[in-house]
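Here is the structure we will look at.
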Amino acid sequence: MTLNWTDVEKKWRSKWEENKDFETNPNDKPKKFITVAYPYPNSPQHIGHGRTYTLADVHARFYRMKGFNVLFPMGFHYTGTPVLGMAKRIEAGEKEILDGLRNIYHVPEDAIKTFVEPIKIADYFHEEIKSGMIEMGYSIDWRREFTTIVPGYQKFIEWQITTLKEKGRIIQGSHPVGWCPVDQNPVSQHDTMGDVEPKIDDKNFLIKFKLGDSIFPITTLRPETIFGITNLWVNPNTIYKKVSVDGEEWIVSEECAKKISFFEKKVEITGEIPGSEIIGKTATNHDGREILVLPAEFVEPSMGTGLVMSVPAHAPKDYQALRDLKAKGHELASKLEPIPIITTEGYGSIPAKEICEKMGVSDQSDDKLEEATKELYLKEFTDGKLNDKCLQFDGEKVQFGREKIRTWLQENGHLEKFPVLENAPVRCRCGAECVVKVLNNQWFLNYGDEEWKGLARNCLDEMNILPNNIKTEFVEVIDWLHERACARQQGLGTKLPWDKDWIVESLSDSVIYMAYYTISRFVNDGSVTPENLTKEFFDYILLDKGDVSLAVSTSKLSEDVINSIKKEFTYFYPVDSRHSGRDLVQNHLSFFVLNHVAIFEKNLWPQEIVVNGSVMMDGAKMSKSMGNIIPLRSAIKEHGADPIRLAIISSAELLQDADFNMESVSGIQSKLESLLESCSSLKKTEMSNLKAEDTWILSKTQSKISEITEALEKMRLREALHDILFTFESDLSWYAKRTGAKGRHDISGILHQINSARVAMLSPFAPHIAEEMWEKLGNTEMVSKSKWPEYSPDKVDAASICAEELLKNTIDDISNIIKVTKITPKKIVIYVNSDETKSKIYSKMLSIMVGGQNNMGVVMKELIADPNTAGAKKMPDFVQKTIKDLHSESEDIKKMKLEAENFDEKEFLKSELSSMGQKEFGVEIKVYSENDVDIYDPKGKARHARPFKPAILIE
RNA sequence: GCGGGAGUCGCCCAGCCUGGUCAAAGGCGUAGGGCUUAGGACCCUAUCUCUUAGGAGUUCGUGGGUUCAAAUCCCACCUCCCGCACCA
């Protein structure tokens, strides 16, 4: 059968739409509010994006069938800078990006033409992504859709950020950013050539020495080494500048002067001085010590200030440079000796000397010095301890002492921050080389605040995090989170209400917006305009602050409207489940928690977070450059939405990276098609006169329902889907074997019943094809509106499960014997236990062992203690073997056996084994009881029979 | 460095949370058989070692420990992967 997936999917999508099935308003039913992080529309969505949304949609559809009033909304995140960069590149006619748009994303030419305007890019991909979501069959309430730059949303964000500020969560301070001196703008990854993220090293500092009346600053990553300083280095070939910095006179390289000018300082070059002139002078240390300035050619004017301090005991370069001078007979240098300040296991008193000698460094231009420096730096950082030269820091480990010395120097005015670009040179798209700029008026969310963190931890403790093992990661993130810039100077978004130069940063305007879904419906249908959305309005609706009359008077809305919005919010909030990719744990998801606890009362804090891994394509990471991105919509066109949904879900458990490949899609496709075919042939019929295998398969169906439901509740979708699609199959094939052996033709009704449950459970995963199957099964209502199959324990027939188990095991045993003995059976005889004592002991043992007890001694003791089973004493061999039998059986089966006490092995095997035996082994199978009078037992096997373990004779 | 995750029978991968159902699911590969003129697709069977009666032995990165019982819990070690920010 070849199925036209597109047609089937269209058919059912339009029915859902007609019936407004996914438009959710408050009602009397319990609710679930399920949300996913909205997309940033700068490209079409691919399979990878599809994963999070599909998981959430399955979740939503599942709860809908479970009887909840489920709200699943969607918005679009326009906030941010990427489309700005794209527009620039498109305007500049960059081939790379245009090729990508044309060949990978297949954007029509006339659309590309409009892309010089950033919003047009977002608009285009917004529609593209939305169409994809609809085609995937996501059960979204589109009436609530918005973008983050519409006026209503902006009102909401203004309220949010104002509320945070009022609550003291926002502070101002200085912050270094990557900066383009030509564009006068901060640069991010999207603004640079080669898409490199400018990395800023904020742990770099300069230490101020005095040289006469001037400040003589040197930069270092190792402030603790000031105690081991012997001299300073300047490059004799460099002309240094005299610079006035905030009124102080500094001597630095020209390159350094330029850098400092971006640090929000007043910088003016007042003169110059050749390096050679400084050599031989002395500068004063933080403690007033006189330090000699010496020449060294390794000093690069472009690094730091162009001046270097010398710590020959611990810095290989310094050691070597000093040695070189001494070798040349430099008079002043010859008096200097290294001052060790760190002791490190494995090294003697002057580690730099040791490592230079060990590596055979020839002079200060030797390349080996880099390696030596690296090795020693790391070793001293991790293992080193400061010694008594370091005053009050004596005995500190380097990694902790360094921090303390840094603060100490800073407090005494000897130290200033000197952030540098770690991965320099970084070039802006305009061609200019980027610098570090310190912004003094940056706004921060003070995530470092302990009281705030406490609230967040509180929330996490009570939240359901799926999968649970990622909870520790959240705890860690909350721990190390600190101030975070919440405003930017460029990009789309909402202006800071109190400082219009700034735009609320994109990760800060996307943290509590789920609340806005409950309002956007009213904005979208025109009953509310953005102007109505005043601070008092939001306060009343969202925080229950103030009263309705205040909200009415400022918003100019009627009390009725306000109350229905409030009812809507109160009904749907809090968020019951938030879905997102694992890459957002460190930022969005954590901020989501932090902002909720900062703004809302405890009863409105989020209930659950579901985190999923990413999607790989044929085992490789998806990337534009690899060209292995498959846009979701073209995949749907080719394979159908449902096969893709299933392929994404079935390939990995939640947190794992899912490997997507086309083979699995087509495998699933044919699986679904054959299921559809079998549904078409089944009829709903009255079932009477159930046979053993019928009660068995119906019982099995019940336990499957229970397992699948539980898996879904814990979002173990892969497992659930696997059970629906495949595990069912193995039971069904046993059933087919059994009915086939009997030549039965009356099983359509039973299969109809089983497949109805299966299709219903499949429907959240593969909604379109499940509707089709449901229809073929003869239903007139839609499956998406049907009730989730309910597990009814009373429909589980323990005896039939034990019976089939016995049958399977017996057949297995027979095959096993045949295999080992290699005999061709002419006659097979089965002897069933009929000894009352053995049966009694067996059931007693079951009750003992059901809790997990399987110690021979304990079991025996209990058996003997009971007069009914005291006979066990005389048959330790039987007890031993039975323990083994039961030991290898599942807890479930043991319980079932206990329940099915009156099960008659002989009668069952007699009636069921013959058909199966004929089919499997081609011979007749005779069944006797151990104590039958007419027994045929030439080899005396019968006495070995145990309950549920008949003895076997093969001739 | 800080943090997170992983190491399973030729390969991929499930099981580990909640110890006993585990010689360990499933898929691929390989071997044999069926179907076919043949091949492909498909179906069946086998696939740690030994075993002429349903059995036994040795396995889940390495080494210890807890337990009547460990792939599963605890400790140490080795190896590999990912994130470290103002970017959506």
Inset, instruction - State plainly whether the residues A/Glu804 and A/Lys808 are in salt-bridge range, i.e. N to O under 4.0 Å. - result: no
Inset, instruction - Name the pairing partner of B/C87, where a pair is Watson-Crick or G-U wobble with both distances under 3.5 Å, or state none. - result: none
Legend entry - A/Asp449/A/Arg169 salt bridge by N-O under 4.0 Å criterion: yes
Legend entry - Presence of donor-acceptor pair under 3.5 Å, side chain of A/Asp813 and base of B/G54: yes
Inset, instruction - Indicate, with a heavy-atom threshold strictly under 4.0 Å, whether A/Ile818 touches base, sugar-phosphate, or nothing. - result: nothing
Inset, instruction - Take atom C1' in B/U8 and the same atom in B/C50, then report the distance between them in whole Å. - result: 23 Å
Legend entry - B/C87 phosphate, OP1 or OP2, under 4.0 Å from A/Arg488 side-chain N/O: yes
Legend entry - Distance between C1' atoms of B/A31 and B/C16 (Å, rounded): 33 Å
Inset, instruction - Could you state the atom-to-atom distance from CD of A/Glu483 to P of B/C84 in whole Å? - result: 19 Å
Inset, instruction - Using heavy atoms to find the nearest nucleotide of RNA chain B for A/Arg718 and A/His944 separately, return the residue whose nucleotide is more 5′. - result: A/Arg718
Inset, instruction - Using a heavy-atom cut-off of under 4.0 Å over every strand shown, decide if A/Ser508 touches base, sugar-phosphate, or nothing. - result: nothing
Legend entry - Distance flag, aromatic centroids of A/Phe125 and A/Phe76, threshold under 6.0 Å: no
Legend entry - Selection from B/G54, B/C87, B/A53 that lies nearest to any side-chain heavy atom of A/Lys939: B/A53
Inset, instruction - Verify the distance criterion only: is there a donor paired with an acceptor across the side chains of A/His77 and A/Asp509 at less than 3.5 Å? - result: yes
Legend entry - Phosphate OP1/OP2 of B/A88: any A/Thr81 side-chain N/O under 4.0 Å: yes
Inset, instruction - Using the C1' atoms only, state how far B/C11 lies from B/C84, rounded to an integer number of Å. - result: 34 Å
